[in-house]
Structures are given as structure tokens and as C-alpha cells.
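FYI, side chains are in, hydrogens and waters are out, and symmetry mates aren't considered; it's all heavy atoms of this structure. These numbers come from a predicted model, not from an experiment.
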Amino acid sequence: MKRRLAMVPALAALLTLLPAILPVSALDEADRLFTVGERALADRFFPVARRTLERFVAQYPGDSRQPRALLMLGQARLALNDPESALEAITRAQAGLTAPADQQDARLWQGEALFRLKRYAEARALYDEIVRSDAAGPRAPDALYGVARCDLELKHPEAAVAGFRQLLSTWPEHALAAPATLNLARALFDARRPGEALPLLSTFAGKYPGSPLVPEAQFWLGWVKYNSGDPRGGLADLQSFVDANPGHEQAPAARRLIAQGVTKYGTRAQLQQSYTTLMSQTPPTAEAYYEAAGLAARLGQPRDQDAAWRKLRAQFPEDPLTRRLALELAGKASTAKNYKEASALGAIAAQSEDTAVRAEGLLKVGESELKLAHFPQAAKAFEAIGALNDVDTDVRYRALAGLGLAHEEQKQWKPALAAYEAVMNNSPDATLRDWARQRVAAVRPHVPAATPKSEPKRTGRRS
């Protein structure tokens with residue numbers, strides 16, 4: 001790959017040098033663009049292929065090679081993960097292609113673009129048309145693979161199983177046999193047949209030793225075991241996968257599953273190993289630090305939990321998991337009667353976009369400020385909860401109870417009484433209602449009774 005990347009500047013320079021090297025009659029501008037684009041695509045220099053073919057398509061719309069150039073352009077755009085513009089180019093190409101083989105190619109690449117756009121039903125229809133019209137043709141294996149992939153994404157696992165098995169039985173030596181085997185295992189698991197999926201995954205590396213999908217098969221082996229009755233075996237396979245492939249795209253998912261699994265099934269040593277793995281993950285993620293903090297709490301290691309929290313807050317200050325962990329730590333600080341820290345952590349949680357987390361964070365702030373005798377600050381936090389919609393009933397009435405206390409401590413008798421009466425009359429918690437009733441009895445004497453309006457004086461003569 002490094003060698004290929006190093007050749008890109010040289011190939012780009014070749015675009016300008018070719019006219020000087022070859023006679024004009026041997027290679028005019030249209031020929032040059034088409035040839036360089038075609039060769040760059042074949043050599044997988046996709047950015048060069050795209051730029052060159054886009055120039056050819058724009059500058060020579062009447063050239064007889066225009067449909068072929070559009071098809072190649074679509075392939076280059078797909079390779080550069082631009083399926084929308086790839087579909088546009090391939091669709092234009094199809095209108096000008098006349099040879100049956102070229103039309104089949106265009107349908108196949110259209111199907112791939114539609115699949116990348118998650119338009120699975122449309123993609124399946126194109127793939128199926130190729131299979132039905134030319135079941136023995138050179139594109140039939142690719143099209144059958146596409147049909148089965150679409151069935152898998154469309155949540156039709158039994159149909160996907162049938163498609164992948166047909167491909168493997170008809171073309172067992174095809175280049176698609178390895179990915180078909182892996183997807184067959186996934187389809188079998190989705191069809192609730194994990195016993196048939198496990199042998200495919202456990203023998204994958206031996207059957208396809210040179211396949212780049214070997215690590216992915218190892219991940220799915222652990223994942224299937226974990227989710228089908230062998231969680232400890234699954235955790236061992238997932239840990240082996242992460243150790244051997246720390247930068248794999250499935251590694252973060254494996255680490256999360258390991259962190260969750262060792263909490264339930266792991267030994268203390270496994271918990272510690274998982275904590276270390278999560279903290280050293282590259283690149284770091286909010287999920288990894290959050291899971292690491294949970295593992296440290298389970299291990300009873302507050303320093304390690306604090307280390308995970310500090311990294312999470314420093315590197316992902318706006319992440320929802322940062323707000324959630326702040327709320328969890330606020331509860332822990334409150335239990336330890338460290339009210340100043342509980343208030344500060346609650347304030348971080350209160351910045352969450354999740355209403356439930358925000359409300360509970362504000363509640364922690366209010367209750368902590370009450371303990372610190374900061375009554376105006378407490379009242380402000382409790383009132384903010386009252387302004388939120390869809391707040392949990394327990395949180396809402398605890399906030400009203402706290403608001404009553406904050407007003408009472410400041411001798412603001414009337415709003416204190418109103419808060420207590422709301423709790424007494426409406427809270428579903430019988431204990432909280434009884435407490436509020438006692439506070440109502442204590443506060444009511446301080447609230448002057450409403451003075452009845454005096455009747456207007458009568459005027460006129462006595463009779």
C-alpha cells in the first residue's frame with residue numbers, strides 16, 4: 001500500500017508528461033484521459049481515476065467511449081465511498097451501453113451503489129434480475145451474493161441462509177466464498193440457529209487462512225458464543241480478538257461487550273485486565289472510559305475510577321456519557337456526605353440534553369446546596385426542575401419538597417407552604433406526603449390568614 005501511495009504523485013505527473021513523450025497522433029487528449037483513467041482504476045488509484053474520468057466525461061460528451069467512462073467513473077466514486085454520485089454516473093452509463101455483458105456490469109454496480117445507500121429492496125431487484133436472466137454467466141455469483149446480502153439487511157435471515165448456501169455449493173472456490181461463509185454464519189444466528197453458525201466461524205481461519213476476514217470471523221465467533229449460552233467462552237474469544245487486532249473496526253464493539261460481560265461473568269483478574277485495555281484503547285472513546293469507570297467501581301478502586309472520569313471529562317466534555325457518569329458520581333459523593341463535590345458533579349450532569357439526566361442532576365445540586373445551607377442556590381436548582389417537561393414523578397415531588405425547605409429556611413413562609421401543600425396533596429409517595437403534612441402544620445401558623453373583605457358602608461336615611 002505504501003508503495004502504491006508513493007506512486008500517486010508519479011502517476012499524476014505522467015498526465016502532463018505523456019503528450020511530450022508520445023506523438024500527438026499516437027495519443028490525443030481524449031485518448032490520454034481515457035487511458036490514464038482506465039489504468040488508474042485497474043491499479044486502484046481511485047482519486048486519480050475519478051479526476052481523470054470526470055474530465056473525460058465533461059470534455060468529450062460525444063465520444064463513443066462515454067458510457068464506458070461513466071461506468072468506470074461510477075466504480076471509482078464507489079471506491080471513494082460516494083455512492084450517491086456513483087449511482088448517477090452508472091445510471092447514465094447504462095443508457096448508452098448496448099452489449100449484454102456491459103449491461104449486466106452496469107446492473108451489478110447499480111446494485112452495489114443502491115446497497116451502499118441502504119436501498120436494499122431496489123438493490124435486491126437488480127441483483128435478482130441478473131441471476132434470473134443469466135444464472136450461469138460470469139456475474140451470477142456476484143449477483144447471488146448481492147441478493148443474499150440484501151435479504152440479510154432486510155431481516156429475511158432464512159432467505160439469506162438459502163442464498164449464501166447456494167453460492168457456496170455452486171461456486172465453492174469463488175473469491176466470494178469467504179465473505180459468503182461469514183455472512184452465512186450471521187444469517188444463521190439471526191435465524192436463531194447458532195449451533196449451525198458456530199462451526200462455520202470456528203473453522204473459518206483454517207478454511208480461508210489468507211482471507212482478510214479472519215479477524216472478523218474471530219470477532220463473530222466470540223459474539224455468537226457470548227449471546228448463545230457460552231458467555232465465558234465468548235469473552236475469551238473476544239479478548240483474543242482484541243489482543244490480536246487492537247485497531248480493527250470491530251475492536252471497540254468487542255471491548256464494550258467484554259466490559260459488560262466481565263462485570264457479570266468475569267473474575268477479578270479479568271475485570272482488571274478489561275479496565276487496563278479500555279483505558280489504553282487507541283483511539284480513545286467516551287464509551288471505553290465510561291465502561292472503565294464502571295469496572296473500577298466494581299473492583300472497589302476509587303482512584304482508578306477517578307482516573308477514568310478525569311480522562312472522560314477532559315477528552316469528551318460534551319458527550320452524553322460524561323453527563324451520565326457525572327450523575328452517578330454525584331450520587332456517590334452525596335452518600336459520602338461530600339456535598340460540595342456532589343453539587344459540582346450534579347451541575348455537570350444538569351447540562352445534559354437528556355431530560356431525565358438533567359432533572360436528576362439539578363436535584364443533586366439542590367439537595368447538596370440545602371445540606372451546605374446555600375438556600376437561594378438550592379431554590380434555584382429546584383425551580384429549574386419545575387420548568388422541565390416530562391420529569392419523573394418522584395424527582396418532581398422531591399424537588400418540590402426541597403423547594404419548600406429552601407423557602408422555609410429563608411422564612412419565605414407563603415411559597416414554602418404552597419410547595420408543601422402540593423407535595424401533601426399530590427405526591428404518590430405516602431412517606432413523602434406524611435412528611436409534607438408535618439411541614440404544612442409547622443409553616444401554616446406563620447402565614448397570615450387572608451383578611452375578609454369588609455362590606456361596603458350603607459348610605460341613605462334610616463327608616
Side-chain angles (χ1 to χ4, degrees), residues 148-149 152-153 155 157-158 160-161 164-165 167-168 172 176-299 304 308:
R149 274 199 309 164
L152 190 59
E153 295 296 338
K155 311 301 181 187
E158 292 292 356
V161 167
F164 289 127
R165 280 193 165 152
L167 172 62
L168 290 168
L176 288 171
T181 300
L182 185 57
N183 279 303
L184 173 58
R186 292 179 55 200
L188 285 164
F189 181 83
D190 288 351
R192 300 182 180 180
R193 295 155 65 182
E196 297 175 59
L198 286 170
L200 295 172
L201 295 168
S202 61
T203 61
F204 188 93
K207 192 170 184 179
Y208 306 106
S211 172
L213 295 173
V214 168
E216 184 135 352
Q218 187 178 12
F219 166 78
W220 284 108
L221 176 62
W223 193 89
V224 171
K225 280 186 181 179
Y226 182 88
N227 288 284
S228 60
D230 185 13
R232 287 186 172 85
L235 289 174
D237 286 330
L238 288 168
Q239 189 62 61
S240 297
F241 161 74
V242 169
D243 291 343
N245 309 278
H248 194 277
E249 63 178 355
Q250 296 283 21
R255 291 187 184 98
R256 285 196 298 272
L257 193 57
I258 291 168
Q260 295 165 12
V262 296
T263 301
K264 295 180 181 178
Y265 309 107
T267 64
R268 186 175 182 84
Q270 287 175 319
L271 287 168
Q272 186 63 60
Q273 181 185 16
S274 183
Y275 172 85
T276 303
T277 300
L278 290 167
M279 290 293 286
S280 59
Q281 179 176 312
T282 304
T285 65
E287 291 83 359
Y289 289 141
Y290 180 81
E291 295 290 352
L295 289 175
R298 182 174 172 81
L299 287 164
D304 287 343

Ignoring hydrogens, what is the shortest heavy-atom contact between [X] and [Y]? Give both atom names and the distance.
X	Y	value
P209	V214	O-CG2, 4.3 Å
A148	A160	O-CB, 3.6 Å
A217	L201	O-CD2, 3.9 Å
S240	Q218	CB-NE2, 3.5 Å
P284	Y289	CB-OH, 3.3 Å
A292	Y275	O-CD1, 3.2 Å

Exercise. Does a salt bridge link E216 with R186, judged by any charged N lying under 4.0 Å from a carboxylate O?
Worked result: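 Answer for the salt bridge query: no.
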
Exercise. So, are R192 and E158 salt-bridged, with charged N and O less than 4.0 Å apart?
Worked result: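 No, R192 and E158 are not salt-bridged.
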
Problem set entry | Check: S202 side chain, P199 main-chain N or O, donor-acceptor pair, under 3.5 Å | yes

Exercise. Okay, side chain of Q270, backbone of T267: is any donor-acceptor separation there less than 3.5 Å?
Worked result: yes

Interatomic distance, [X] atom [atom1] to [Y] atom [atom2] [nearest 0.5 angstrom]:
X	Y	atom1	atom2	result
R268	L299	CZ	CG	5.0 Å
M279	D304	CE	CG	7.5 Å
L198	L188	CG	CG	10.0 Å
N245	F219	CG	CZ	11.5 Å
L213	L182	CG	CG	6.0 Å
R232	Y226	CZ	OH	10.5 Å

Exercise. Side chain to side chain contact (heavy atoms under 4.5 Å, CB included) with R165: which of L168, V161, L167?
Worked result: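 Answer after filtering L168, V161, L167: V161.
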
For this session: Could you verify whether a donor N or O on one side chain and an acceptor N or O on the other, from Q281 and T285, lie under 3.5 Å apart?
Result: yes

For this session: Measure the shortest side-chain to side-chain distance between Q239 and Q273 over non-hydrogen atoms and say whether it is less than 4.5 angstrom.
Result: yes

Exercise. Is any side-chain heavy atom of F204 closer than 4.5 Å to a side-chain heavy atom of S211?
Worked result: yes

For this session: Anything under 30° is parallel, anything over 60° is perpendicular, the rest tilted; go ahead and classify F241 against H248.
Result: perpendicular

Exercise. With under 30° as parallel and over 60° as perpendicular, where do the rings of W223 and W220 fit, or are they tilted in between?
Worked result: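 Ring orientation of W223 relative to W220: perpendicular.
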
Exercise. When you look at T277 and I258, which way does the side chain to side chain contact (heavy atoms under 4.5 Å, CB included) test go after all the steps?
Worked result: CA-CA 10 Å; T277 300; I258 291 168; over 6 Å; no

